[in-house]
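For reference, the structure is listed below as structure tokens.
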Amino acid sequence: MPELPEVETVARGLQQLVAGRRIVSVSLGKTDFIDDPVALEQRLPGRTIERIERYGKFMLLRLSADAQPATPEPAAAALLVHLGMTGNLAPAPAAQPSEKHTHVRFLLDDGRELRYIDPRRFGRMAYLEKDTLSIELQRFGAEPLLVGKNEFAERILSRRAQIKALLLNQSVLRGIGNIYADESLWRAKIHPAKLGSSLTPAEAESLRKALQHILERAIVLRGSSISDFLDADGQPGEYQQHHRAYGREGEKCYRCKTLIRRIIVAGRSSYFCPYCQRAPKRKPVAKRKTKRKVGAKTSKG
DNA sequence: CGTTGAACCTGTTTGC
DNA sequence: TGCAAACAGGTTCAAC
């Protein structure tokens, strides 16, 4: 469900709704998606949620110092939350009955509960302090909204993997998922199966621009709600109305009217326009020798 | 390095 | 109608 724009939307909502609130107690249901459930129960009560940040597809609930820290130095701590495919985190009145698949409830000091609901439990929750937190965050690549031309080009052009796989790889860029990968490739007119190293610098820059444009627009519209995504206020997003490729198999391309196709790339459904996004040249099927055409590459500055 | 498929779960949609 | 298969916004891991 949630990619960068959806997570950003939830994080902003939570910042408005629960930042500054103190956690009174923690109630757990199923815990197989929590790194260390006991740590949540023991370390969170009494702590204040100081602010909510987004890091790729993660939310970081930054916590106040522990009144009785286990270590002498109060370590900067956070609750790391990943929504997986079907996760949601939102406040509700404590007296309100919990929805099915509510696995974590944080009782707040104002009579509400911050509830984590996740039918498939593909999400993740972890209480982390300074060192473990910074190690955890180091695995991730550049922030798509901030990455500059040069860094983006370096990260893409140096790789022989398919561009779709690179966009989905969180250690290359953090926060892109299947929807926004397809949408940005459509906008930049790049076939999802092209290798990163086969893009020209101009194509890479076009892709970066497309990505940033789409993500910013999607955030304004509070993300895409395909089936059940709701923000912290319980509102659906609207960006699904603006999808140009994702989910549009058999419908007309908005640019050229060619029918959008769906293929599997990097193990994921990939929607693209076969006319606007030309397929890469197929690899020669291991012939004797590949003869190079003389004078075939005339490049201009 | 890179690809593929399976696994982790539940719910919904599609097809026969 | 009924049942099974396919599919879903994500990530990780083993095998090759």
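Bear in mind that the values here come from a model prediction, so they are computed numbers and not experimental data. Throughout, protein chains are lettered first and strands after them, A, B, ... in sequence-line order, and every chain is numbered starting at 1.
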Base, sugar-phosphate alone, or nothing: which one does [X] contact when heavy atoms must sit under 4.0 Å apart?
| X | result |
| --- | --- |
| A:Gly267 | nothing |
| A:Phe33 | nothing |
| A:Arg124 | nothing |
| A:Ser158 | nothing |

A:Lys30, nearest nucleotide to its side chain (from B:dT10, C:dG9, B:dT3): B:dT10

Proximity to the side chain of A:Asp32 - top-ranked nucleotide from B:dT10, B:dC9, C:dG10: B:dC9

Scanning all shown strands, the Watson-Crick or wobble mate of C:dG9 with both distances under 3.5 Å is none

Check whether [Y] forms a cation-pi arrangement with [X] (NZ or CZ under 6.0 Å from the six-membered ring centre, at most 45° off the ring normal).
| X | Y | result |
| --- | --- | --- |
| A:Arg278 | A:Tyr275 | yes |
| A:Arg244 | A:Tyr254 | yes |
| A:Arg217 | A:Tyr239 | no |

Any donor-acceptor N/O pair under 3.5 Å between B:dC9 base and A:Arg121 side chain: no

With a 4.0 Å limit, can you tell me whether A:Arg139 has a side-chain N or O closer than that to the phosphate oxygens OP1/OP2 of C:dT12? yes

Indicate yes or no for a side-chain donor-acceptor contact from A:Arg47 to the backbone of A:Ser64 under 3.5 Å, with no hydrogens or angles considered. yes

How far, in whole Å, is B:dA6 from C:dA6 if one measures between their P atoms? 12 Å

A:Gln170 or A:Arg120, whichever maps to the more 5' nucleotide of DNA chain C: A:Arg120

Using a 5.5 Å cut-off between ring centres and planes within 30 degrees, is A:Phe122 stacked on the base of C:dT11? no

